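Working notes, structure below.
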Amino acid sequence: MSTVVEYSKRKKELDYINKVIRAYIAKYYENEWDINVFYSIKEFATFVGANDFVDFVCVDVSESIAISMTELVRKKNKNAVIIVLADTSVSPAAYMKPSIMAASLLLFPLDEGQVKTTVSDLFRYISEQSDEQKEEFFVIKSKTQHEHIPLNKIMFFESREKKLYLNTQNREYGFYDTIDSVLEKLPDGFIRCHRSFVINSKKIKKVMLSQNIVELDDGIVVPLSKSYKPVLKEYRNNA
């Protein structure tokens, strides 16, 4: 499920943008999207802090904290499509920068024709990109929902306390399964380095055979057991 997050204190304007966004989602997609609309900066910030995966963002950057939260979205989601909402009280230097990389800009007061054109162009772009390069996911199933975790966000899996835990850079997801079963579902590139750990080889920073550890990106360290050293040694030699 793809996720949309929208924020502005200007309720009337944001409600109109949301209406247009929903119309184009219905036009281009058959599946359901998770659409989150906030008129409170506190609620917007809480959502951004708690969610790692956002696909489409429409945010009013008239407050400095909104700019910071938009930068956090970009840090977590390099492929997210971001529409910035602003007026002349905000310097373009505050939001037209690499840490945000906005796909488009809408200025207050809004022009309804421009809103429709901008949203249409962006959803057409998203649709074309999805057709050309479909992102792969690991799906965690529960009784109430399915979590789709992009494979390129996964750091490692850990087995403990009769559960498996999928770890990304910012979050841990617990679910019931076995490592053997998970390995059958994962593509090449995920390596077992310990009885209780499977790592994403694309996240390996350093293999330290003498210390029995593997260092992943962001300084994450996982154990390396003797029986799996040959696999990691081969990886290190071929990397």
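These figures come from a predicted structure and were not determined experimentally.
The OG atom of Ser64 lies 8.5 Å from the CD1 atom of Ile41; values are rounded to the nearest 0.5 Å. In this structure, CG in Leu122 is found 11.0 Å from CD1 in Ile82, a value given to the nearest 0.5 Å. From Phe138, atom CZ reaches atom CD of Glu136 across 13.0 Å, with rounding to the nearest 0.5 Å. How far OG of Ser225 is from NE2 of His194: 5.0 Å, rounded to the nearest 0.5 Å. Taking CD1 of Ile83 as the start and OG1 of Thr118 as the end, the distance is 6.5 Å to the nearest 0.5 Å.
Residues Lys97 and Ile67 meet the side-chain proximity criterion, which asks for heavy atoms closer than 4.5 Å. Between Thr3 and Asn51, every side-chain heavy-atom pair lies at or beyond the 4.5 Å cut-off. Side-chain atoms of Arg171 and Asp52, non-hydrogen and from C-beta on, do get closer than 4.5 Å to each other.
For Ser201 (side chain) and Gly189 (main-chain N/O), a donor-acceptor pair under 3.5 Å exists by modelled atom type. In terms of modelled atom types and a separation under 3.5 Å, the side chain of Asn18 and the main chain of Leu14 share no donor-acceptor contact. Proximity of a side-chain donor or acceptor of Arg22 to a complementary backbone N or O of Ala26 within less than 3.5 Å is not detected. At distances below 3.5 Å, not a single donor-acceptor pair connects side-chain atoms of Lys203 with backbone N or O atoms of Lys153. Here the side chain of Asn200 pairs no donor or acceptor atom with the backbone of Met155 at under 3.5 angstrom.
Hydrophobic clustering places Phe47 together with Val59 (ILVMFWY residues linked when any side-chain heavy atoms are closer than 4.5 Å, directly or through intermediates). Both Val81 and Val37 sit in one connected hydrophobic cluster of ILVMFWY residues. Membership requires side-chain heavy atoms under 4.5 Å apart, directly or through other members. A continuous path of ILVMFWY side-chain contacts below 4.5 Å connects Ile140 to Val182, so both sit in one hydrophobic cluster. Residues Val57 and Val4 do not share a hydrophobic cluster, defined by chaining ILVMFWY side chains whose heavy atoms lie under 4.5 Å apart. Clustering ILVMFWY residues whenever any of their side-chain heavy atoms sit less than 4.5 angstrom apart, transitively, puts Met69 in a cluster other than the one holding Met101.
With sequence neighbours left out, Lys11 forms a salt bridge (charged side-chain N to carboxylate O under 4.0 Å, His left out) with Asp15.
No side-chain donor from either of Glu158 and Ser196 sits under 3.5 Å from a side-chain acceptor of the other. Between the side chains of Ser89 and Asp87, at least one donor N or O sits under 3.5 Å from an acceptor N or O. The closest side-chain donor-acceptor pair between Asn212 and Lys226, if any, does not fall under 3.5 angstrom. A donor-acceptor contact closer than 3.5 angstrom links the side chains of Arg124 and Ser120.
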Exercise. Go through Leu110 and Ile17 one step at a time and tell me if the side chain to side chain contact (heavy atoms under 4.5 Å, CB included) criterion holds.
Key: CA-CA 9 Å; Leu110 296 177; Ile17 293 172; 3.7 Å; yes
query = So Tyr39 and Tyr7, ring-ring contact (aromatic ring centres under 6.0 Å, His included) or not? Walk me through it.
reply = CA-CA 6 Å; Tyr39 310 106; Tyr7 163 70; 8.6 Å; no
Q | Criterion salt bridge (Lys or Arg N to Asp or Glu O under 4.0 Å) on Asp60 and Lys9, from CA distance to verdict | A | CA-CA 8 Å; Asp60 184 344; Lys9 291 191 297 185; over 6 Å; no
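Each of Leu216, Asp218, Ile220, Asp217 was evaluated against Lys205; a single residue qualifies, Asp217, per the side chain to side chain contact (heavy atoms under 4.5 Å, CB included) test. When each of Ile154, Leu164, Leu186, Ile191 is tested with Val198 by the rule side chain to side chain contact (heavy atoms under 4.5 Å, CB included), just one qualifies, namely Leu186.
Counting all heavy atoms, side chain and backbone alike, Ser62 lies closest to Val90 at CA-CG2, 3.7 Å. Between Glu215 and Gly219, the closest heavy-atom pair is OE2-CA, 4.1 Å. For Leu151 against Phe190, the heavy-atom pair with the smallest separation is O-CZ, 4.0 Å. Pro223 and Cys193 get closest at one heavy-atom pair: O-SG, 3.3 Å. Closest approach of Asn77 and Phe53 over heavy atoms only: OD1-CA, 3.1 Å. Ile100 approaches Ala94 most closely through the heavy-atom pair CD1-O, 4.2 Å.
In this structure, Lys233 places its NZ atom where only 12 or fewer heavy-atom neighbours from other residues, nucleotides or ligands lie under 6.0 Å away. The number of heavy atoms from other shown groups lying within 6.0 Å of NZ (Lys202) does not exceed 12.
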Hey, can you pull the donor-acceptor pairs under 3.5 Å for the side chains in residues 172-180, sequence neighbours left out?
residue	atom	partner	partner atom	Å
Glu172	OE1	Arg160	NH2	2.9
Glu172	OE2	Arg160	NH1	3.2
Glu172	OE2	Arg160	NH2	3.3
Asp177	OD1	Ser181	OG	3.1
Asp177	OD2	Lys185	NZ	2.7
Thr178	OG1	Ser181	N	3.1
Asp180	OD1	Arg192	NH1	3.0

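Applying the under-4.5 Å side-chain rule to Ile, Leu, Val, Met, Phe, Trp and Tyr, the cluster around Val221 extends to Met208, Ile213.
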